[in-house]
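What follows is one structure encoded as structure tokens, with my remarks underneath.
We use all heavy atoms of the structure for the numbers below, so side chains are in, but hydrogens, waters and symmetry mates are not.
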Amino acid sequence: MYHFHINLFADPFACSWEQAAAELEVLSRMIFEPDGSWIWSGGHGDERWQIDGHLFDFEEVLHRVELHGACPPGEFDRLLACFGWPEVELTVEMVREGTKLTEAEFRQQMAS
């Protein structure tokens, strides 16, 4: 299970804010608000997980995605696909630590 509070960046994202929102809205158990905030949850009992997120745009382009919560690696993959991954290279900013990592480095850190 990944536990995180991160910002995702790309240079640039391959999708607009509206395209990312449309991709998120089709995920089961997704609650998406018009301001770009959302909650996605799944699992049961001890395997329950939840991610709180927010989309941010700048000059009509998706600028960053804030993610806070926990989920299994496979669900994290599904989420990243909404933002163009794996075709788009993502940078992960660890909010509390104040560090930036590649997506691969982030996964390595989550596995340890």
Step by step, work out the side-chain contact (heavy atoms from CB on, under 4.5 Å) result for Asp52 and Trp38. CA-CA 6 Å; Asp52 301 331; Trp38 46 272; over 6 Å; no
Chi angles and distances behind the side-chain contact (heavy atoms from CB on, under 4.5 Å) call for Trp40, Gln50: CA-CA 6 Å; Trp40 186 39; Gln50 178 175 310; over 6 Å; no
Would you sort out whether Phe32 and Ile39 count as a side-chain contact (heavy atoms from CB on, under 4.5 Å), showing the intermediate values? CA-CA 7 Å; Phe32 191 89; Ile39 298 172; over 6 Å; no
Using the side-chain contact (heavy atoms from CB on, under 4.5 Å) rule, take Phe83 and Leu55 through it: C-alpha gap first, then chi angles, then the decisive distance, then the call. CA-CA 10 Å; Phe83 313 117; Leu55 302 179; 3.7 Å; yes
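Rounded to the nearest 0.5 angstrom, Asn7 CG and Lys100 NZ are separated by 9.0 Å.
Side-chain atoms of Glu105 come within 3.5 Å of backbone atoms of Thr102 as a donor-acceptor pair (strictly under, hydrogens ignored).
What you find for Ser41 and Arg48 is that their closest heavy atoms are CB-NH1, 3.4 Å. Of all heavy-atom pairs spanning His3 and Ala70, the tightest one is ND1-CB, 3.4 Å. Residue Tyr2 comes nearest to Arg107 through the heavy atom pair OH-NH1, 3.3 Å, listed as atom of the first residue, atom of the second, then distance. Scanning all heavy atoms of the two residues, the minimum distance from Val88 to Ala10 falls at CG1-CB, 3.5 Å. Across all non-hydrogen atoms, the minimal contact from His54 to Ser37 is ND1-CB, 3.5 Å. Annotation for Pro34 and Trp17: closest pair O-CH2, 3.5 Å, computed over non-hydrogen atoms.
Residues Trp85 and Glu103 bring a donor and an acceptor atom of their side chains to less than 3.5 Å of each other.
The 12-atom threshold is exceeded at CD of Glu97, counting heavy atoms of other residues, nucleotides or ligands nearer than 6.0 Å. The local environment of CG in Asp11 is sparse, with at most 12 non-hydrogen atoms from other residues, nucleotides or ligands closer than 6.0 Å.
Remark: of the listed residues Met94, Glu93, Gln109, Met94 is the sole one forming a side-chain contact (heavy atoms from CB on, under 4.5 Å) with Thr99. Of the candidates Ser16, Cys15, Pro12, Leu62 forms a side-chain contact (heavy atoms from CB on, under 4.5 Å) with just one, namely Cys15.
Geometrically, Arg78 does not engage Trp49 in a cation-pi contact, judged by NZ or CZ lying under 6.0 Å from the ring centre and within 45° of the ring axis.
Under the 4.5 Å side-chain heavy-atom criterion for grouping Ile, Leu, Val, Met, Phe, Trp and Tyr, Leu27 is connected to Met1 within one hydrophobic cluster. Under the 4.5 Å side-chain heavy-atom criterion for ILVMFWY residues, no single connected hydrophobic cluster contains both Phe9 and Ile51. Leu8 and Leu101 fall within a single hydrophobic cluster, where Ile, Leu, Val, Met, Phe, Trp and Tyr side chains are chained together by heavy-atom contacts under 4.5 Å. No continuous path of ILVMFWY side-chain contacts below 4.5 Å connects Val61 to Phe13, so the two sit in separate hydrophobic clusters.
Side-chain contact between Val95 and His5 is present, with heavy atoms from C-beta onward closer than 4.5 Å.
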